[in-house]
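Data first, discussion second: the structure below is written as structure tokens.
Naming convention: chains lettered A, B, ... in sequence-line order (proteins, then strands); numbering from 1 in each chain. Here the structure is a predicted model, which means the values were calculated and not measured.
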Number of protein chains: 2
Amino acid sequence: MVEKQLKERIIETALKLFEKYGYHGVTVDRIVTECNTSKGGFYHNFKSKDELLYHIHDVFITYVLNKAQEAYAKYKTPTERLCAIIQSFVKVFDLYKPHITVFYQESTYLKPEYSKKINEKREQFKQVIFQVIREGIEAGEFRSELPVEITGMSIIGMVNWTYKWYKPNGSMTIEEIAKIFTDLILHSLLTESAKQKEEITTFFLKNVSRF
Amino acid sequence: MVEKQLKERIIETALKLFEKYGYHGVTVDRIVTECNTSKGGFYHNFKSKDELLYHIHDVFITYVLNKAQEAYAKYKTPTERLCAIIQSFVKVFDLYKPHITVFYQESTYLKPEYSKKINEKREQFKQVIFQVIREGIEAGEFRSELPVEITGMSIIGMVNWTYKWYKPNGSMTIEEIAKIFTDLILHSLLTESAKQKEEITTFFLKNVSRF
DNA sequence: AATAACAGACCGACTAGTCGGTTTTTATAA
DNA sequence: TTATAAAAACCGACTAGTCGGTCTGTTATT
């Protein structure tokens, strides 16, 4: 096994420190001492501290966006798609908790040229969710009285907020949390008639309800 | 009408700037020039920049906590209590949008002695919500399969996230948003039998559904 | 030999906070 | 009312420390 490259070590250390102390609470000096390198090592791998921040943002948003698009492509009904997106989205917390924390806490401090790129992907991600909700309403699976954007943002908010309280190794696994979220969301979106449909009920029992 | 006191002016200016550029993106010098005062004026009113940050946090969390406790005291059934709390909580966005942004973006940077105080009130607020959910389950109004904490956090998350996208003067009023949130939440919490009960249905139609 | 990877002393810009001084307000007594 | 003393409010040049980034080297790789 080859030794872990310096760039990776810097990112990991920075992530750990940023998550705990915030971007401005951590100096470049601190990062380089904690991973046994030097200013030279750091600036050989990154143009600036800002670029490191951007890198962290990009890794995360690229991943979630891809996952959402994959989930959309894999399933064909709105309900299934929504569930798949939520589940994969929530599961990201086990993989990228520090990235997510940095992403939602520090994006204010991205330099314009960086934040522009990030926001594009962020917007795309939102659009996938909106699209699914829209199609769900058209298909009669989701309640037509719901406004697409607000509903979408409330789902996103509910899931995103998890980064504020979720502890990996806590008493609940991320899969259990994902199921509860899905359960809550489906209860608030599905129409009465959709709840009657057999395909949906079956799917519901299989993927959501653990009672 | 008496002239607005300097302390108030400083807070308002700081709030406006912090919301836009973040706590670390704004210098004390910037604050004092933008509200036509001086370093002296600033440090006469605040012990430090940190204390100003604390002050902003405290004003907001104290307000929401009080509102939640009032709502709890005013109503007697879990459903009514939950709705009242949500509604008052959401409405805070019109009053305290900048406070909220600072609260959720910058709390990492509170000095330990300050963050301790803030976290106590924050915890109390959460407990009010958990309590209502617990009582709702006991009373048979909310689904018993729901875990109190996660459900509570998902409500809190959904509402809090609003600060990321809500624009006062946007196409939707905060009251409309509050109603949609309440609608979504009640749909996901209420038991089938509670949905049948006349009191609840009546209440539902009056406070929530605008369809 | 040439280039990439890394080391670390150093620099300059920036910024929270200070401190001696000035102005305004308030309290009190004539 | 008015004179005056004391305190509170405010001013702004200055400081001391911090931190991102540079630059000149040295070491490892190809």
Side-chain angles (χ1 to χ4, degrees), chain A residues 1-58 102 105-115, chain B residues 1-58 102 105-115:
Chain A
M1 152 99 192
V2 288
E3 212 180 314
K4 196 166 280 183
Q5 292 309 304
L6 179 60
K7 187 163 183 172
E8 272 313 304
R9 269 168 44 220
I10 293 176
I11 295 171
E12 275 179 30
T13 313
L15 232 16
K16 198 187 67 191
L17 293 170
F18 287 167
E19 183 181 16
K20 196 163 180 183
Y21 305 103
Y23 180 69
H24 286 91
V26 178
T27 66
V28 175
D29 277 301
R30 175 97 184 264
I31 297 171
V32 300
T33 15
E34 295 236 351
C35 68
N36 293 315
T37 179
S38 61
K39 277 290 184 68
F42 183 94
Y43 284 96
H44 179 75
N45 286 284
F46 297 97
K47 271 167 48 189
S48 63
K49 196 188 175 192
D50 296 280
E51 201 205 31
L52 168 59
L53 185 62
Y54 166 71
H55 185 89
I56 293 171
H57 275 72
D58 192 53
V102 173
Q105 287 293 132
E106 313 291 352
S107 60
T108 328
Y109 298 113
L110 280 175
K111 292 273 179 299
E113 65 266 33
Y114 293 135
S115 68
Chain B
M1 150 98 193
V2 288
E3 213 180 310
K4 197 166 280 184
Q5 292 309 304
L6 179 59
K7 187 163 184 174
E8 271 313 305
R9 269 168 44 220
I10 293 175
I11 295 170
E12 274 179 30
T13 313
L15 233 16
K16 200 187 66 191
L17 292 171
F18 287 166
E19 183 180 17
K20 197 163 179 184
Y21 305 104
Y23 180 68
H24 287 92
V26 178
T27 66
V28 175
D29 277 302
R30 176 95 184 265
I31 296 171
V32 301
T33 12
E34 295 236 351
C35 67
N36 293 314
T37 179
S38 62
K39 276 289 182 69
F42 182 94
Y43 284 96
H44 179 75
N45 285 285
F46 297 97
K47 270 167 49 188
S48 63
K49 196 188 175 191
D50 297 281
E51 201 205 33
L52 167 59
L53 185 61
Y54 165 70
H55 184 89
I56 292 172
H57 275 73
D58 192 55
V102 172
Q105 287 293 130
E106 314 291 352
S107 60
T108 329
Y109 298 113
L110 280 176
K111 292 273 179 300
E113 66 267 31
Y114 293 136
S115 67

Under 3.5 Å, which donor-acceptor pairs do the side chains of residues 36-46 of chain A form with other protein atoms, sequence neighbours left out?
residue : atom : partner : partner atom : Å
S38(A)  : OG   : G40(A)  : N            : 3.4
S38(A)  : OG   : G41(A)  : N            : 3.2
N45(A)  : ND2  : G41(A)  : O            : 2.9

Just list the side-chain donor-acceptor pairs under 3.5 Å for residues 49-58 of chain B, sequence neighbours left out, or say none.
residue : atom : partner : partner atom : Å
K49(B)  : NZ   : Y23(B)  : O            : 3.0
K49(B)  : NZ   : V26(B)  : O            : 2.8
D50(B)  : OD1  : K111(B) : NZ           : 3.1
E51(B)  : OE1  : K47(B)  : N            : 2.9
H57(B)  : ND1  : L53(B)  : O            : 3.0
D58(B)  : OD1  : T62(B)  : OG1          : 3.4
D58(B)  : OD1  : K121(B) : NZ           : 3.3

Which pairs would a plain distance check flag for residues 11-19 of chain B, meaning a side-chain donor or acceptor within less than 3.5 Å of a matching protein atom at least two apart in sequence or in another chain?
residue : atom : partner : partner atom : Å
E12(B)  : OE2  : K4(B)   : NZ           : 3.4
T13(B)  : OG1  : R9(B)   : O            : 2.7

Set of residues satisfying side chain to side chain contact (heavy atoms under 4.5 Å, CB included) with respect to T27(B), sequence neighbours excluded: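 By the side chain to side chain contact (heavy atoms under 4.5 Å, CB included) rule, T27(B) matches D29(B), R30(B).
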Whether H24(B) and H24(A) hold their rings parallel, tilted or perpendicular, with breakpoints at 30° and 60°: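 The arrangement is parallel - the two ring planes meet at less than 30°.
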Length of the CD-C1' vector between Q5(A) and dA4(C), whole Å: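 In whole Å, dA4(C) C1' lies 12 Å from Q5(A) CD.
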Strand-adjacent residues in residues 11-28 of chain A, judged by heavy atoms under 4.0 Å from DNA chain C: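 The stretch gives none, as no residue of it lies under 4.0 Å from the strand.
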For DNA chain C, the residues among residues 35-44 of chain B that have a non-hydrogen atom under 4.0 Å from it: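 Here the set is K39(B), Y43(B).
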Spacing of E106(A) atom CD and Q105(B) atom CD [to the nearest 0.5 Å]: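 If I round to the nearest 0.5 Å, the distance is 8.0 Å.
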5' to 3' contact window, DNA chain D with chain B (heavy-atom distance under 4.0 Å):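 It runs dA9(D) to dA13(D).
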Nearest heavy-atom neighbours spanning G22(A) and T108(B):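 Taking G22(A) first and T108(B) second, the nearest heavy atoms are N-CG2, 4.1 Å.
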